[in-house]
Amino acid sequence: MKTDKKILKSATAIAGALLTTSLMAAPSMGPDILAYNDLGSGAQVRSHLIDMNSNQVNTAEANAYKLGELKCGEGKCGEGKCGEDGKKADAKKGEKAEAKKGESKSAEAKKEASKSESKSKEAKCGEGKCG
Amino acid sequence: MKLHKDTEKIQNLLGDYCRTGVEQDIPGITPGRVHHYRRLVYNVVRDTMDTAFPITLAALGEERWDMLVQDFFSGEQPQTPQIWKLPFEFYQYHANQETGTRIEKPYLDDLLYFEWIEIEIHTMPDRPFPDFSQTGNIFKDRLAFNPEYEIVRLEYPVHMHSAENTSELKGDYFVLVFRSPETGNVQFLNLSGLNTYILTRLVDERIALNDLKGDIAHVAGIESEKYLDDALSAFIGDLIEKKLILGFAKKTN
């Protein structure tokens, strides 16, 4: 089964894996060949990667939003806020967005702080966030 | 006690409805209320998956993630009676269905597995610890390893980068995941191929580092013995500090 391949059970398996990489065939890789990184505890890794992946999604959404705004430049939005007023409105919008971002970040931080080290849990009732 | 045939049939019909949402004529059901069962059961499954795979949820976004959970819930009949093992079935289901390929997220299998392994290592039964002593020589004596670890091989470096950025970085990545004997917390290390080779040989062949140094120098093309000694000393010393290596194996082992 495809799902059995990920855990390395023996040196034979790893030797096989390494032979397929360029590692063995690179005699002068230098000091980094023994490098390793401490990624931290489960909670640290998770928090870091969630932030990274959320930022990626947010950037993609922001780019989509920008593209949407370009179309608005055609004068079809009907908001009556183009020109100077529009700029002010944009600035306010920006402030608001920042504030919201701040809020959501602090909310996320709170959420993160309340998260326990482990992800394992028992959930039984099905009504929202019990357990 | 064996269930009456009719009861069993009704339970299966209700179970099928809860999973698929396809309405059927279920005897004894009050019309207009049965959907609450489906909602409640789905909430448990969705909440379990959200908690087990928060990184995948962040990477895919709410909508696509919900599709994956719905797909699993209606397409698979979960076999485990233990809810904490359900995420593994979720991973298996999507790996076997090749969902990652279908939705053009080739890293999906790796990311789901990477998130699952934390739960598995955290929750797995205790493994017997070897007898060890605190004093010894890291090169001459056999090292005693904390048995509660796994080394996982990934094709995409989802443990270090934003998932979407890993699509271009396909290769061989090794992650050491172990349970700290002091805190029970799961710890992660990103290893190079050579580190992985060293650790697996030390454990499998139960040999001292000195017996392996020649091979290491050969496969890695390291000519300076001093460099190799310093690098190994730092690596093994750090693993001792992190309690992946408990100490030195007693001679009787």
Side-chain angles (χ1 to χ4, degrees), chain A residues 1-3 5-15 17-18 20-46 49-57 60-61 115 117-131, chain B residues 39-44 47-48 51-52 54-55 58-59 61 83-84 91-92 95-96 109 113 118-119 122-123 150-154 158-165 171-172 174-175 185-197 200-201 204-205 219-222 227 231-232 235 242:
Chain A
M1 187 189 273
K2 196 181 174 186
T3 54
K5 290 196 300 185
K6 295 204 184 294
I7 285 191
L8 293 173
K9 297 283 185 196
S10 70
T12 317
I14 180 65
L18 290 176
T20 64
T21 71
S22 57
L23 173 66
M24 299 297 200
S28 56
M29 280 193 66
D32 285 337
I33 204 161
L34 273 161
Y36 61 97
N37 319 84
D38 182 0
L39 302 174
S41 69
Q44 288 168 328
V45 173
R46 233 178 299 138
L49 288 173
I50 288 171
D51 276 354
M52 243 198 264
N53 281 287
S54 303
N55 288 342
Q56 183 82 27
V57 171
E61 278 172 6
K115 265 187 194 169
E117 180 67 35
S118 157
K119 294 192 291 184
S120 315
K121 60 172 205 131
E122 290 292 330
K124 282 170 188 159
C125 74
E127 292 285 13
K129 300 276 174 188
C130 61
Chain B
R39 181 177 61 80
L40 293 171
V41 176
Y42 180 73
N43 281 353
V44 172
D47 191 42
T48 302
T51 311
I55 306 168
I83 202 158
W84 72 269
Y91 154 71
Q92 279 185 312
N96 291 329
D109 287 3
Y113 193 79
E118 184 193 347
I119 300 173
H122 179 269
T123 319
E150 298 290 354
I151 296 176
V152 177
R153 181 185 179 190
L154 301 174
V158 290
H159 56 304
M160 294 191 294
H161 299 278
S162 153
E164 209 57 50
N165 291 340
D172 284 300
F174 303 96
V175 189
N185 291 342
V186 179
Q187 302 287 320
F188 291 85
L189 286 180
N190 171 58
L191 298 180
S192 71
L194 187 60
N195 290 328
T196 311
Y197 174 74
T200 46
R201 281 203 62 190
D204 280 10
E205 297 173 29
V219 298
I222 297 172
Y227 162 71
L232 287 173
F235 177 50
K242 293 182 192 314

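Keep in mind that this is a model prediction, so the values were computed, not measured. First the proteins, then the strands, lettered A, B, ... as listed; each starts at 1.
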> NE2 of B:H159 to CG of A:L49: how many Å apart, nearest 0.5 Å?
Replying inline: 9.0 Å
>> For a quick test of reading the model, state the closest non-hydrogen atom pair linking B:L189 to A:D38 and the distance between them.
In response: CD2-CA, 3.3 Å
>> Can you give me the closest heavy-atom contact between B:E118 and A:A43, atom names plus distance?
In response: OE2-N, 4.4 Å
> Out of B:T196, B:N190, B:L191, which one pairs with A:Y36 under the side-chain contact (heavy atoms from CB on, under 4.5 Å) rule?
Replying inline: B:L191
>> Once rounded to the nearest 0.5 Å, what's the spacing between atom CD of B:Q187 and atom CD of A:Q44?
In response: 7.0 Å
> For the atom pair CG (A:D51) and OG (B:S162), what is the distance rounded to the nearest 0.5 Å?
Replying inline: 11.5 Å
> What is the minimum heavy-atom distance between A:N53 and B:A59, and which atoms define it?
Replying inline: OD1-CB, 3.4 Å
> What are the two closest non-hydrogen atoms of A:A35 and B:N195, and how far apart are they?
Replying inline: O-ND2, 3.0 Å
>> Using heavy-atom distances under 4.5 Å, tell me whether B:A163 contacts chain A through its side chain, its backbone, both, or neither.
In response: both
